[in-house]
Structures are given as C-alpha cells and as structure tokens.
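The first residue in the sequence is number 1, and the count goes up from there.
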Amino acid sequence: MDESMAIAARKREVRRDLLAVRAAMADDELEHAGAALTKQALALPELADAHTVAAYVAVGHEPETRPLLEALRARGTRVLLPVLLPDDDLDWARYEGGAELAEAEHPGRIRLYEPAGERLGTHAVTEADVVLLPGLAVDGRGIRMGRGGGSYDRVLARLAVSAALPDDAARAASDGTARAAGSAASAVGTAAPAGSDGAVHPGSEDGPHDGAPADRPGTGPGRPLLVAVVYGHEIVGHLPDEPHDQPVHAALTPEGVHRFPG
C-alpha cells in the first residue's frame, strides 16, 4: 500500500470513529449544543461585521445550525446556503427562511435541506466574509476532516484562488482549480455511507480565544474567515491529511471559538 492509499485508509477509520461518537449523543445533548453554538457564533466579531455569510443546514447529529441561520437573517446578514450538484461541487442560493428550504435527495446521499431560491453559481461563495464549514473534526493546525466527498475541498480551492487573483481572473481560474481539487479528493477518499450522519455537505487542543487579530481574515469578500463547525471534543491533536487539505482559521464549538495559527 503506497502512502496516499494508507492516508486515505486512515481517514476512513478516523471518520468511522468520529461518526460513532456522534451517533451516541442523546437528543438533549444535541439540543443544548445547538443553543450554545448559536450563542458563541453570534459573539464572533467577524460574524457581527459580516455582510455575507456562507453556511449550511445541519443534518443528523451535526451541531445544529438552523437557529444560527435564522439569527443571522434577522440581523440583516445575507446568508448563502449550498446546493449539491451532480458532480459533488456546490452551487449557492440565498437563505430566505426555514419555510423556503426544500428537502433534496441525491443518489448515494442522505436527504439534505437546500434553499429553493435562485441559483447563484459556484463562484458565489467568494462573496462571503465568513464561511462556515461542516466537519467531523479539526486539529491543532486547523486541518479539517470532512465527509470524504470532496465538495468543500473544491470550495476551499476556489476561495484560495479568489483571494490571490483579481476578480475576473479568479472567477475563471477558481473553477478549474476547484475541479482539480475535487478530482484529487475523490481519487483518494471514500464518502461516508448514507445514514443518520452520512451526509456529504453539498470533516494539541487550543482553548477558546476571545477577540480576533487586528489583521484578520473576514475583513471583506475574497478574504473570508474559514470556520469549521464541530463539537468541542472534535478538536484533536493531529488528523491525517493530504496535499489538497487546506486549513481553516477557526473552529466554532458550543464551548467557544478556537483560533488556529497561520
């Protein structure tokens, strides 16, 4: 077994263990965690200042995001939600309230909840000031473990290109880079099976840190703050990673916000 195959196998093993822990969480734990997560998120300076936030609708035993989505919308924040495309890339549409979410079925995936409004294109995520990403765990370097489908690898690749290039060039280049990232992830990773926590959206501990650096991501479109949403016990020392895995800036948990170096 070569190194890339060994890393992919290790990722699958870690995902199984993380999903098993989530599946054992009681309903009252999930409800409490969702309320606490919303409180922590609304105190995040970058979210308070954000004009546009890219987020997602939690499913299964993921940290609940619906109260946060509604709170952001009530603030007047423009909230974008993902729409899973046939190639596992993500389109985006504006969140207009829970009543406008549609249950969507995708072959081989658990049912997801997606916005029913106008599709804005895969590049719309680059307009966000903050991007909230689903994950199963994050390590001390900010490396996030997702579900293995590659959807958010493409999003992160698109954002990286957009941050480095002028708008028109970024729009053209990011689509090609994102496709390449998705292909790389699909080649070495296996998506989690459909089930109560099997959605593919579209994964040393630091204590919570209050405030944010003066020169920080999240100061405008093209340089969004990347935040993985996980439970506190899912911030771990080290996760297996590959060249296409890009770090996030912070992790949002029910206990607080953890910022990573870099």
*Asks:* Mind checking salt bridge (charged side-chain N to carboxylate O under 4.0 Å, His left out) for Arg66 and listing every partner two or more places apart, or none if nothing turns up?
*Replies:*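 Testing Arg66 for salt bridge (charged side-chain N to carboxylate O under 4.0 Å, His left out), a comparison that skips the adjacent residues, returns none.
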*Asks:* Taking Gly97's backbone N and O only, do any of them form a donor-acceptor pair with Glu100's side chain (distance below 3.5 Å, no angle check)?
*Replies:*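 No, Glu100 side chain to Gly97 backbone: no donor-acceptor pair under 3.5 Å.
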*Asks:* For Gln40, what residues pass the side-chain contact (heavy atoms from CB on, under 4.5 Å) criterion, not counting sequence neighbours?
*Replies:*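 So Gln40 forms a side-chain contact (heavy atoms from CB on, under 4.5 Å) with Leu252.
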*Asks:* Looking at CZ of Arg94 and CG of Leu81, how far apart are the two atoms once the value is rounded to the nearest 0.5 Å?
*Replies:*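 These two atoms lie 11.0 Å from each other.
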*Asks:* Going by side-chain hydrogen bond (donor to acceptor under 3.5 Å, both in side chains), name the residues that satisfy it together with Thr253, two or more places apart in sequence or in a different chain.
*Replies:*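 Glu255.
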*Asks:* Looking at every heavy atom in both Gly146 and Leu136, which two are closest together, and how far apart are they?
*Replies:*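 Result for this residue pair: O-CD1, 3.7 Å.
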*Asks:* Could you work out, with side-chain hydrogen bond (donor to acceptor under 3.5 Å, both in side chains) as the rule, every residue matching Glu234, not counting sequence neighbours?
*Replies:*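 Only Arg22 meet the side-chain hydrogen bond (donor to acceptor under 3.5 Å, both in side chains) criterion with Glu234.
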*Asks:* Tell me, please, which residues at least two apart from Tyr231 pass ring-ring contact (aromatic ring centres under 6.0 Å, His included).
*Replies:*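 So Tyr231 forms a ring-ring contact (aromatic ring centres under 6.0 Å, His included) with His233.
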*Asks:* State, to 0.1 Å, how close Pro261 and Gly140 come at their nearest heavy-atom pair, and which atoms those are.
*Replies:*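 Taking every non-hydrogen atom into account, CD-O, 3.9 Å.
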*Asks:* How would you list, by chain and number, every residue that makes a side-chain contact (heavy atoms from CB on, under 4.5 Å) with Pro240, sequence neighbours excluded?
*Replies:*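 Ile7, Arg10, Lys11, Val14, Met145.
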*Asks:* Tell me whether Arg158 is salt-bridged to Asp89, with the criterion being a basic N under 4.0 Å from an acidic carboxylate O.
*Replies:*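 Salt bridge: yes.
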*Asks:* Of all heavy-atom pairs between Pro115 and Pro82, which one has the smallest distance, and what is that distance?
*Replies:*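 So the minimum-distance heavy-atom pair works out to CD-O, 3.7 Å.
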*Asks:* Between Arg144 and Pro134, which heavy-atom pair has the shortest distance, and what is it?
*Replies:*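 Nearest heavy atoms, Arg144 then Pro134: NE-O, 2.6 Å.
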*Asks:* Could you note down all residue pairs passing side chain to side chain donor-acceptor pair (under 3.5 Å) where residues 28-39 supplies at least one of them, sequence neighbours left out?
*Replies:*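 For residues 28-39, and leaving out neighbouring residues, there are no side chain to side chain donor-acceptor pair (under 3.5 Å) pairs at all.
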*Asks:* Decide side-chain contact (heavy atoms from CB on, under 4.5 Å) for Tyr56 and Tyr152; before the verdict, give the C-alpha distance in whole Å, the side-chain angles of both, and the deciding distance to 0.1 Å.
*Replies:* CA-CA 11 Å; Tyr56 65 96; Tyr152 277 93; 4.0 Å; yes
*Asks:* Take Arg15 and Leu18 through the side-chain contact (heavy atoms from CB on, under 4.5 Å) test and state the conclusion after the steps.
*Replies:* CA-CA 5 Å; Arg15 285 189 186 104; Leu18 291 165; 5.6 Å; no
*Asks:* How would you list, by chain and number, every residue that makes a salt bridge (charged side-chain N to carboxylate O under 4.0 Å, His left out) with Glu70, sequence neighbours excluded?
*Replies:*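 Glu70: salt bridge (charged side-chain N to carboxylate O under 4.0 Å, His left out) contacts with Arg73.
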*Asks:* Supply the atom-to-atom distance Asp91 CG to Glu114 CD, rounded to the nearest 0.5 angstrom.
*Replies:*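 So the gap between those two atoms works out to 9.5 Å.
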*Asks:* Going from CG on Leu225 to CG on Asp129, what distance comes out if it is rounded to the nearest 0.5 angstrom?
*Replies:*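 Result: 10.0 Å between the selected atoms.
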*Asks:* Just to verify, what does Glu103 make a salt bridge (charged side-chain N to carboxylate O under 4.0 Å, His left out) with, not counting sequence neighbours?
*Replies:*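 Only Arg111 meet the salt bridge (charged side-chain N to carboxylate O under 4.0 Å, His left out) criterion with Glu103.
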*Asks:* How long is the span from the CZ atom in Arg12 to the CG atom in Asp17, to the nearest 0.5 Å?
*Replies:*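 These two atoms lie 13.5 Å from each other.
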*Asks:* Suppose we screen for side-chain hydrogen bond (donor to acceptor under 3.5 Å, both in side chains). Which residues come up paired with Asp241, at least two apart in sequence or across chains?
*Replies:*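 With neighbours one apart ignored, the set is Arg141.
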*Asks:* How close do Val155 and Leu90 get, heavy atom to heavy atom, and via which atoms?
*Replies:*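 Closest heavy-atom pair between Val155 and Leu90: CG2-CD1, 3.8 Å.
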*Asks:* With Arg78, which residues qualify under salt bridge (charged side-chain N to carboxylate O under 4.0 Å, His left out), at least two apart?
*Replies:*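 Arg78 satisfies salt bridge (charged side-chain N to carboxylate O under 4.0 Å, His left out) with Glu127 once adjacent residues are dropped.
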*Asks:* Taking atom OG1 of Thr77 and atom CG of Leu68, what is their separation to the nearest 0.5 Å?
*Replies:*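 Those atoms lie 9.5 Å apart.
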*Asks:* Identify the heavy atoms of Ile143 and Leu239 that sit nearest to each other, and give their distance.
*Replies:*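 That would be O-CD1, 3.4 Å.
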*Asks:* Using only atom types and a distance under 3.5 Å, with no angle test, would you say the side chain of Asp139 pairs donor to acceptor with the backbone of Val236?
*Replies:*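 Not at all, since once roles are kept as given, no pair shorter than 3.5 Å links the two residues.
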